[in-house]
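As structure tokens, the structure follows; a few thoughts come after it.
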Amino acid sequence: MEPGSVLSRQQYEEKISHTTADLPFALHRLSYPAGADILFYQHWHKEFEFIMVTGGCLELTVESRTHILQSGEGAFINASFSHSGRSACSQSCSFTALDFSYELLDENPHSHFSRKYINPVLEGYLLFPEAIHLSGNTLLLCKAASWQSKLLFTLREIESCPDDILSKRELFLKSRIYLLWELLFQQAQPDGSGNRQERHNRERLSPVLSYIREHFSEEISLAQLANIAALSEGRFCRIFRETMNQTPFQYIMHYRVMQSCSLLTETDLPIGEIALRSGFNNISYYNKTFLKQIGCTPRHYRTYTVFGTSG
């Protein structure tokens, strides 16, 4: 697809699956030497994620919000939120990332539990705090401890679980994730920008976004997308921009780039082939778009992420 047809965000989706049906969570321990700058490039995935900084200082950007996390501090990243990380100091930096799918909390998205405690967060109507900073003694749990202390203490418990017995501690991990969810749910705030019309627009765009996810490698026209939403092209573009904060073209391009990121790290396919599979029929345009969105060339991204991405 060339500039002028319609495209955007799914391009940053990380294709590496962090979970399995049998084990709907994964624990990643990452460490970077002093002098490292970018720790992981912008990406997003369908799992929820907790990050616990275990050494150094991490600059975490979630969507357009930047948080500085010191050792011992953490963060929550909602499913499908794009995020990136870089070192915020000259020391070595390490952190643990816990990824888990909503199925771990409840496999039935239509249950009372899901409708009350999970879906509002997934759909963005209820906002969890992102950065969890140190507050009091996180090494001790007591009735008077702050919610931040309790949450960081729980993350520390999970982080201390040895990798070789992870699959044998499923009950332990599930119980701690439920506790983390409860602590954040108690601090959740409704999205102040949300209103009935915006929710209606999001519901109207839902089949459009699904179509883009399923057909991102094909030609997609503005007329096709507007027809799916049962809107005129002009009105569709206006609603899409107001709801997604970007044009349909930008959304598709972003989605395609993110799809290509997965192929770069998971396969040894030539970059030209990856461009074609991601919906770009011009490798020069693909390289230019990738550089603009990710901040480096596809070749550099493939080489750099050999040392570990996830986060």
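The figures here come from the full heavy-atom set of this structure, side chains too, leaving out hydrogens, waters and symmetry mates.
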Is it the case that one hydrophobic cluster holds both [X] and [Y], taking links as side-chain heavy atoms less than 4.5 Å apart, direct or via other members?
X	Y	answer
L183	Y178	yes
I274	L276	no
I118	L179	yes
L152	I68	no

Between [X] (side chain only) and [Y] (backbone N and O only), is there a donor and an acceptor less than 3.5 Å apart?
X	Y	value
E73	L134	yes
W181	Y117	yes
N108	S114	no
N287	T297	no
R302	T267	yes
N282	Y285	yes
T154	K150	yes
S31	S94	no
R115	H110	yes
N227	A223	no

For N281 and E219: C-alpha separation, side-chain torsions, deciding distance, then whether side-chain contact (heavy atoms from CB on, under 4.5 Å) applies.
CA-CA 10 Å; N281 56 21; E219 291 287 340; 4.0 Å; yes

Determine, step by step, whether L264 and I271 satisfy the side-chain contact (heavy atoms from CB on, under 4.5 Å) criterion, reporting the C-alpha distance in whole Å, the side-chain angles of both residues, the deciding distance to 0.1 Å, and the verdict. CA-CA 8 Å; L264 287 168; I271 291 177; 4.1 Å; yes

Are any non-hydrogen side-chain atoms of [X] and [Y] less than 4.5 angstrom apart?
X	Y	value
F100	L105	yes
L180	I158	yes
C261	Y41	no
I212	L225	yes
F25	E170	yes
K174	L104	yes
E159	L27	no
L263	Q259	no

Which heavy atom in [X] sits nearest to a heavy atom in [Y], and how many Å separate them?
X	Y	value
Q187	P129	CB-CG, 3.7 Å
R213	S210	NH2-OG, 3.1 Å
F172	E157	CZ-O, 3.9 Å
A79	F48	N-CD2, 3.5 Å
Q246	F240	O-CD2, 3.3 Å
C93	S87	CB-OG, 4.4 Å

So, taking the atom named [atom1] in [X] and the one named [atom2] in [Y], what distance separates them when rounded to the nearest 0.5 Å?
X	Y	atom1	atom2	result
H133	Q148	NE2	CD	9.0 Å
I132	M52	CD1	CE	10.0 Å
L291	H300	CG	NE2	10.5 Å
E233	C237	CD	SG	7.0 Å

Check: Any chance the side chains of E49 and H83 put a donor and an acceptor closer than 3.5 Å?
Finding: yes

Any luck finding a side-chain donor-acceptor pair between S260 and Y286 under 3.5 Å?
yes

Which of I51, D99, T96, L98 passes side chain to side chain contact (heavy atoms under 4.5 Å, CB included) with H28? Answer is D99

List the steps, then state whether side-chain contact (heavy atoms from CB on, under 4.5 Å) holds for Q70 with L58.
CA-CA 7 Å; Q70 308 290 336; L58 173 68; over 6 Å; no

Inset, instruction - Kindly check if the number of other-residue, nucleotide or ligand heavy atoms within 6.0 Å of CZ (R29) is above 12? - result: yes

Would F128 and V121 count as a side-chain contact (heavy atoms from CB on, under 4.5 Å) here? Give the steps. CA-CA 7 Å; F128 278 2; V121 181; 3.6 Å; yes

Would you please indicate if the ring centroids of F40 and F95 are separated by under 6.0 Å? yes

